[in-house]
Amino acid sequence: MAQLSSSMEPMLKLRDELDIVIPTIRNLDLLETWRPFFEPYHLIIIQDGDPSKTIKVPEGFDYELYNRNDINRILGHKASCISFKDSACRCFGYMVSKKKYIYTIDDDCFVAKDPSGKDINVIEQHMKNLLTPSTPHFFNTLYDPFASGAEFVRGYPFSMREGVKTVVSHGLWLNTPDYDAPTKLVKPLERNTKYVDAVMTIPKGTLFSMCGMNLAFDRELIGPAMYFGLMGDKHPITGYDDMWAGWCAKVICDHMGWGVKTGLPYVWHKKASNRSENLKREYEGIFCQEVGVPFLQSVVLPKECTSVQQCYLELAKQVKDTLGQVDPYFIKLADGMVTWIEAWDDLNTPKGNQKLKHHKWLVSKRRSKLITKKKYGVVDGKSKRDAN
Ligand SMILES: O=c1ccn([C@@H]2O[C@H](COP(=O)(O)OP(=O)(O)O[C@H]3O[C@@H](CO)[C@H](O)[C@H]3O)[C@@H](O)[C@H]2O)c(=O)[nH]1
Ligand SMILES: [Mn+2]
């Protein structure tokens with residue numbers, strides 16, 4: 001196995017380097033099962049749907065929770081780029097995080113076990129994937145040469161064994177795989193029981209289906225491209241937010257010379273959404289992907305695009321000019337992409353950081369009020385302590 005740099009071990013701790021982003025419309029009981037792996041980290045919870053609903057978070061977790069009112073207050077008119085009533089809202093968490101890495105997971109994904117019966121530490125495996133190089137320019141048939149027990153195979157040019165920086169680590173799912181609605185309808189009972197002990201680099205020039213359920217990425221590098229596109233409320237499409245982000249991010253990774261890996265780690269997905277509902281939600285997307293994918297595969301970004309933001313704005317322009325003629329939805333999506341970059345850059349300047357600090361204080365104040373209420377209750381407008 002290609003030697004892991006000795007500096008990697010401390011990085012695996014990562015408490016101050018990684019945020020966990022969870023989009024949710026439900027109580028977060030799943031966190032109990034993830035406690036051994038998630039408790040050390042800061043969580044950014046994006047509460048979708050009705051902001052007046054209280055999302056229960058088990059004790060002991062360090063988190064900030066943003067609902068729609070917070071998103072509107074923080075972004076103002078730019079909040080239009082953050083989807084509502086769709087898991088795409090999670091990308092707001094990427095924007096407000098200040099950490100180098102992001103891990104995002106759905107609230108119906110639980111700890112999976114490897115074939116030896118050991119609980120899988122998704123953070124550890126994703127960080128191994130991100131902290132070791134990718135090999136997009138020449139396919140290694142024995143999978144990830146930087147994974148333990150693997151190596152470059154014969155015929156692999158030595159001049160290419162250094163690899164490139166990995167910026168996305170795409171994990172998989174046991175039990176309910178990420179099938180689209182038509183597939184789920186014809187195969188309602190199909191479950192994924194195959195634990196494939198492999199991590200692979202997705203070759204340069206190839207797009208892939210990026211599922212947002214179990215995903216980690218280098219926020220400082222590819223973060224501005226991880227826009228989960230306009231879906232859900234007031235939009236004709238849903239269920240393709242993560243796909244859009246994955247296609248755009250991969251085009252930019254190829255241009256920037258960065259790598260994307262897929263494979264381990266697994267989560268146990270106990271699908272909470274409704275199959276026939278999903279078919280209605282995904283219907284338009286099934287057709288859009290047939291035009292979107294070939295277009296994005298054909299995109300060439302100019303060499304003058306040297307930052308992810310520049311690449312992303314150029315991509316938005318090409319989406320608007322080309323796909324905008326196919327379906328007006330893509331004009332709105334392209335505008336959303338531009339607004340996303342504006343909002344990202346706003347919040348990641350010293351002035352933006354100051355503004356965000358104030359909002360984070362408000363969000364944490366609301367949370368401590370909730371904790372007080374839960375601990376001491378509020379009886380007839382007085383706390384239980386006063387009432388006794
Ligand atoms: O309006 C909504 C609906 C859901 N969420 C949260 O988003 C994730 C995913 O929701 P869910 O697991 O119910 O949906 P699935 O169909 O299983 O997942 C699909 O959505 C993609 C995004 O992860 C995934 O790739 C697909 O498999 C949960 O955390 C919900 O709470 C929401 O925020 N708003
Ligand atoms: Mn799910």
Side-chain angles (χ1 to χ4, degrees), residues 20-31 33-34 38 43-51 53-57 63 65-71 79 82-94 102-112 122 168-185 187-188 190-192 208-217 226-235 237-247 249 262 266-283 285-286 289:
I20 297 175
V21 175
I22 308 175
T24 193
I25 48 174
R26 312 174 175 114
N27 288 329
L28 292 175
D29 312 327
L30 85 150
L31 288 176
T33 63
W34 286 107
F38 286 4
L43 311 181
I44 298 180
I45 300 166
I46 310 297
Q47 175 184 342
D48 195 17
D50 177 4
K53 194 179 153 207
T54 302
I55 296 286
K56 288 199 191 78
V57 180
Y63 71 92
L65 182 143
Y66 295 92
N67 62 32
R68 193 67 208 185
N69 294 336
D70 299 315
I71 295 173
I82 303 296
S83 298
F84 183 54
K85 294 189 181 163
D86 190 280
S87 58
C89 63
R90 75 173 86 214
C91 62
F92 180 74
Y94 311 158
I102 293 283
Y103 174 63
T104 187
I105 184 170
D106 286 5
D107 63 14
D108 61 352
C109 292
F110 298 84
V111 179
V122 289
V168 176
S169 171
H170 178 259
L172 299 174
W173 341 271
L174 290 170
N175 194 41
T176 322
D178 187 21
Y179 289 167
D180 49 46
T183 308
K184 275 176 218 140
L185 280 176
K187 297 184 160 186
E190 184 149 304
R191 293 292 176 269
N192 181 25
F208 75 114
S209 293
M210 187 177 81
C211 169
M213 272 192 266
N214 170 21
L215 179 72
F217 59 89
M226 295 300 262
Y227 174 50
F228 279 38
L230 278 180
M231 307 276 151
D233 195 37
K234 301 195 185 65
H235 298 296
I237 297 188
T238 192
Y240 276 77
D241 51 305
D242 43 3
M243 297 299 140
W244 183 258
W247 300 333
T262 185
Y266 282 90
V267 293
W268 184 269
H269 180 213
K270 271 189 223 160
K271 193 165 195 59
S273 64
N274 171 297
R275 264 197 300 275
S276 29
E277 262 314 298
N278 285 346
L279 185 59
K280 282 185 228 152
R281 285 173 42 197
E282 292 176 22
Y283 178 75
I286 291 167
Q289 69 187 4

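All ligand and atom numbering here is 1-based and tracks the order in the structure. Note: hydrogens, waters and symmetry copies are ignored here, and every other heavy atom, side chains too, is used.
- Considering all non-hydrogen atoms of both residues, Arg90 and Asp106 come closest at NH2-OD1, 2.6 Å.
- Two residues are said to be in side-chain contact when any heavy atoms from C-beta on lie closer than 4.5 Å; Trp173 and Asp178 meet this criterion.
- If you look at the Mn ion (ligand 2), the protein N, O or S atoms less than 2.8 Å from it are Asp108 OD1, Asp108 OD2, His269 NE2.
- Ordered by chain and residue number, the residues placing a heavy atom less than 4.0 Å from ligand 1 are Pro23, Thr24, Ile25, Arg26, Asp48, Lys85, Asp86, Ser87, Cys89, Arg90, Asp106, Asp107, Asp108, Asp178, Cys211, Gly212, Met213, Asp242, His269, Lys271, Ser273, Asn278.
- Here CG of Asp242 is found 8.5 Å from CE of Met231. Values are rounded to the nearest 0.5 Å.
- Closest approach of Gly246 and Phe208 over heavy atoms only: O-CE2, 4.0 Å.
- For the pair Leu230 and Ser83, the tightest heavy-atom approach, listed with the atom from each and the gap, is CA-OG, 3.4 Å.
- Classified by interplanar angle (parallel below 30°, tilted 30° to 60°, perpendicular above 60°), the ring pair Trp247/Tyr240 is tilted.
- In this structure, the ring pair (Phe, Tyr, Trp, His ring centres under 6.0 Å) partners of Tyr94, at least two apart in sequence or on a different chain, are Phe217, Phe228.
- Take Arg191 and apply the side chain to side chain donor-acceptor pair (under 3.5 Å) test, not counting sequence neighbours, and it matches no residue.
- The line from CG of Asp48 to NZ of Lys53 is 10.0 Å long, rounded to the nearest 0.5 Å.
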